[in-house]
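Only a predicted model underlies this, so the values are computations on that prediction, with no experimental measurement involved. Letters go in sequence order (proteins before strands), and every chain restarts at 1.
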Protein chains: 2
Amino acid sequence: MRKRPTLKDIARATGVHPSTVSRALDASARSSLSEEVVERVREAARTLGYRPNRVAFSLRKQKTMTVGVMIPDITNMIFPPIVRGIESVMEAAGYASILVNTDSQPRREQRLVEILQERGVDGIIHTAVLRSDPGIVEAARQGLPVVTLNRRIEETNIPYVINDEEDGIRLVFDLLRRQGHRRIAHLAGPAELSTGRLRLNAFQAMVDAAGLGPGDTVITEAERFDEEEGRRCAAEIHARAPGTTAVLCANDRLALGAMSFFQSVGRSCPKDISITGFNDMPLLELIPPGLTTVRIQQFEAGAIAARLLLSLIERPDESVPQATILPVGLVERGTVAPPALA
Amino acid sequence: MRKRPTLKDIARATGVHPSTVSRALDASARSSLSEEVVERVREAARTLGYRPNRVAFSLRKQKTMTVGVMIPDITNMIFPPIVRGIESVMEAAGYASILVNTDSQPRREQRLVEILQERGVDGIIHTAVLRSDPGIVEAARQGLPVVTLNRRIEETNIPYVINDEEDGIRLVFDLLRRQGHRRIAHLAGPAELSTGRLRLNAFQAMVDAAGLGPGDTVITEAERFDEEEGRRCAAEIHARAPGTTAVLCANDRLALGAMSFFQSVGRSCPKDISITGFNDMPLLELIPPGLTTVRIQQFEAGAIAARLLLSLIERPDESVPQATILPVGLVERGTVAPPALA
DNA sequence: TTGAAAGCGCTAACAA
DNA sequence: TTGTTAGCGCTTTCAA
């Protein structure tokens, strides 16, 4: 690559000292210089096509203006909007984002945290934490600004931004109850993820509050949030509790898998079985009969997490809220109907 | 952040010179040292929790081990798999990726190229170029390794990886012809994108080769590759050429929009109108009646582009192929049927 | 208002 | 085999 001009080159061209050039180009130091020098320097910078070297800047200032963004898998469609939300505020603040996919593998996640630290990121937004996650906790303990998004780590004071999981579950549960369902199954997410756990807890609380008995509900736990696990768990529900009239799923992909399973065994949705999801991922509205689900904020959640991280980085003594819980909404489409009369 | 240990700290701990520590920790320089020193140094590095500082490394070596990945918009579902393909090879080679979204805005794209250059990226993979794109061309001319993906820039020697657009169009066109269609419309993509242009050219060539007359085909050009433009252009086709029995769309999102339009005016697909797409984006198979489309390689395309870029960066005198054209395949689903008898 | 000098953490040419 | 030294491009303290 052709060598880019440096401060030294500008200094030579204008006959001033490199440090003077540095000052002339820095808005906050500019004030202490004569207008004439500032103008000459800026002019020279322009004609030489000067671009500051951020690597040198970073080494000197111990600040890379870069953040790490950790997600489980960008091909999972709920993450792209979140990432855009993060970048919309980071980019505006002059930060670049290094995006990494953990594939939900703890060892890989751990390694990626180290890689990001080697690269000197100023902070990390982490959407892929496990409920217990020593690697990132240790990094945060050493002073690295971290905020978790979508999920939280238990027993730490790392700030987190999550959805109101409890309210979301309440919304779909109440809908099912109003339609007359009593034999409601929960297709739960992985227990090691806070989303899976919180939604399960909320489901159980709703069941208790509704006075449903143990014979009415069955719970299966998926190992991953994907369609295949949705099918597998739906099959289990079908086998263990054939009288189930509604399946409340911990997320949309599990619900899609469940829909596919019930269709394959000839139980039509919503006539024979009602199904609900969580997240309202893109394109869902085009898949018949239209999954009834819980809408979460995606872009906005990313933006909020990014603002929190910026605050941690740039104003370390200002305190930020430890918990940010975003409101959710019910999206009624076609997968819920009253139970068929037995 | 707690200060991380440096080479100097290890040097102090072991009683050798920092440069010796550097050599001991560098596999390729290690051979010139005594085993005893190497062991002592590595041991100290381990106990101190030493992590190399890549910023200092970058400044010294003039190499950041970072590449820029430019895409139009990560929320467009065909890009996440491409990005994963890129990262799978970049990460394995020790490179980090800075992902930026251009939103298809030339000025924004231009600015992002400059930002990436300030950050000293070792190369750029660009999936968002326009057919004419002076900013990135100039950067490449100055010696920055660049490869374009999915799209190409005309009149440059920047290596590119694209799909076999011509063959893809041939596949769907032939299918429509075999089913007996004659009045075929093309819902074209934006002319300033090579994908839009190449697919349009291919369509016209097929029309000519098939001996269809000007009365048989109508072409409308979308301004963006999205559902809304698909609906608008489908409406235009419907108005200008109501006798059209098939619409060959330049990509899946346009096709989805067209499907939505024709449904809204009561023309059922595929009974009254056949529709085809391009890309085979995720989830398409779940949307009835199932879009017949052209499958492109996504993950693999990213991986190939990344390998090309790596070659440009690490072996600058080895030559790389200027054009890589990936094979495509036909995916037959439910949106194509013989034309209704008039 | 400007210059001189040091140093961020690392690598590499040269010397010993 | 190891140490010395310089320097990547920048910011910032101190002096003038």
Side-chain angles (χ1 to χ4, degrees), chain A residues 1-42 44-45 48-66 94 117-122, chain B residues 1-42 44-45 48-66 94 117-122:
Chain A
M1 181 165 4
R2 207 202 52 187
K3 210 182 135 302
R4 278 158 36 192
T6 69
L7 288 187
K8 241 197 237 171
D9 297 317
I10 302 182
R12 205 174 306 119
T14 51
V16 299
H17 194 270
S19 67
T20 305
V21 177
S22 172
R23 288 187 271 251
L25 263 23
D26 174 4
S28 68
R30 188 143 55 216
S31 55
S32 77
L33 295 184
S34 76
E35 264 189 33
E36 190 259 326
V37 166
V38 170
E39 233 356 279
R40 250 174 47 224
V41 167
R42 302 185 67 187
L48 291 181
Y50 173 76
R51 309 258 94 209
N53 181 327
R54 284 198 173 266
V55 174
F57 171 95
S58 297
L59 181 58
R60 177 61 230 234
K61 297 274 286 261
Q62 300 290 41
K63 185 156 193 320
T64 54
M65 298 297 282
T66 304
Q117 285 186 286
E118 284 187 12
R119 288 181 173 272
V121 294
D122 298 330
Chain B
M1 179 169 0
R2 207 200 55 186
K3 209 182 135 304
R4 277 158 38 191
T6 70
L7 289 186
K8 241 197 237 172
D9 296 318
I10 302 181
R12 204 174 307 117
T14 50
V16 300
H17 193 270
S19 67
T20 304
V21 177
S22 172
R23 287 187 273 251
L25 262 23
D26 174 4
S28 69
R30 187 144 54 220
S31 54
S32 77
L33 295 185
S34 76
E35 264 189 32
E36 191 260 327
V37 167
V38 171
E39 232 358 279
R40 251 175 46 225
V41 168
R42 303 186 67 187
L48 291 182
Y50 173 76
R51 306 259 95 207
N53 181 329
R54 284 197 174 266
V55 174
F57 172 94
S58 297
L59 181 60
R60 177 62 230 234
K61 298 274 286 251
Q62 300 291 38
K63 185 154 195 317
T64 54
M65 298 298 282
T66 304
Q117 284 187 287
E118 282 187 14
R119 288 185 173 269
V121 294
D122 298 330

Interatomic distance, I10(B) CD1 vs dG9(C) P [rounded to whole Å]: 13 Å
Sugar-phosphate, base or nothing in reach of V16(A), heavy atoms under 4.0 Å: sugar-phosphate
Rounded distance (Å) that lies between atom P of dG9(D) and atom CG of D9(A): 8 Å
Taking five pairs at each terminus, the helix from dT1(C)-dA16(D) to dA16(C)-dT1(D) shows an axis bend, to 10°, of 50°
Checking T14(A) side chain against V41(A) main chain: does a donor-acceptor pair fall under 3.5 Å? no
Give me the atom names and distance for the closest heavy-atom approach of G49(B) to P5(B). O-CG, 3.8 Å
Can you tell me the distance, in whole Å, between the CG atom of L59(A) and the P atom of dG7(C)? 14 Å
Distance, rounded to the nearest Å, where L48(A) contributes CG and dG9(D) contributes P: 14 Å
Rounded to the Å, how far apart are K63(B) NZ and dG7(D) P? 24 Å
Within this structure, what is the CD-to-C1' distance between Q62(A) and dC10(D), rounded to whole angstrom? 12 Å
Mind listing the closest non-hydrogen atom pair of D9(A) and T6(A) along with its distance? OD2-N, 2.7 Å
Annotated protein contacts, base or backbone, on nucleotides 10-16 of chain C with a non-hydrogen cut-off under 4.0 Å, one of B, S, - each: BBBB---
Spacing of OG belonging to S58(A) relative to CZ belonging to R119(B), to within rounding of 0.5 Å: 7.0 Å
Steps toward side-chain contact (heavy atoms from CB on, under 4.5 Å) verdict (L25(B), I10(B)): CA-CA 11 Å; L25(B) 262 23; I10(B) 302 181; 4.3 Å; yes
List in chain and number order the residues that pass salt bridge (charged side-chain N to carboxylate O under 4.0 Å, His left out) with R30(A), two or more places apart in sequence or in another chain; answer none if no residue qualifies. none
Close approaches to DNA chain D from residues 28-41 of chain A, in residue order (heavy atom, under 4.0 Å): none
Closest non-hydrogen atom pair, L33(A) against V38(A): CB-CG2, 3.7 Å
Which is it for N53(B) and R4(B) under the side-chain contact (heavy atoms from CB on, under 4.5 Å) test, yes or no, and what are the steps along the way? CA-CA 9 Å; N53(B) 181 329; R4(B) 277 158 38 191; 4.2 Å; yes
Scan for salt bridge (charged side-chain N to carboxylate O under 4.0 Å, His left out) pairs involving residues 33-42 of chain A, sequence neighbours excluded, and state none if there are none. E36(A)-R40(A)
Report the C-alpha separation of M65(A) and R54(A) in whole Å, then their side-chain angles, then the decisive distance to 0.1 Å, and conclude whether the side-chain contact (heavy atoms from CB on, under 4.5 Å) test is met. CA-CA 9 Å; M65(A) 298 297 282; R54(A) 284 198 173 266; 3.8 Å; yes
Taking only residues two or more places apart in sequence, or in another chain, which ones meet R23(A) in a salt bridge (charged side-chain N to carboxylate O under 4.0 Å, His left out)? none
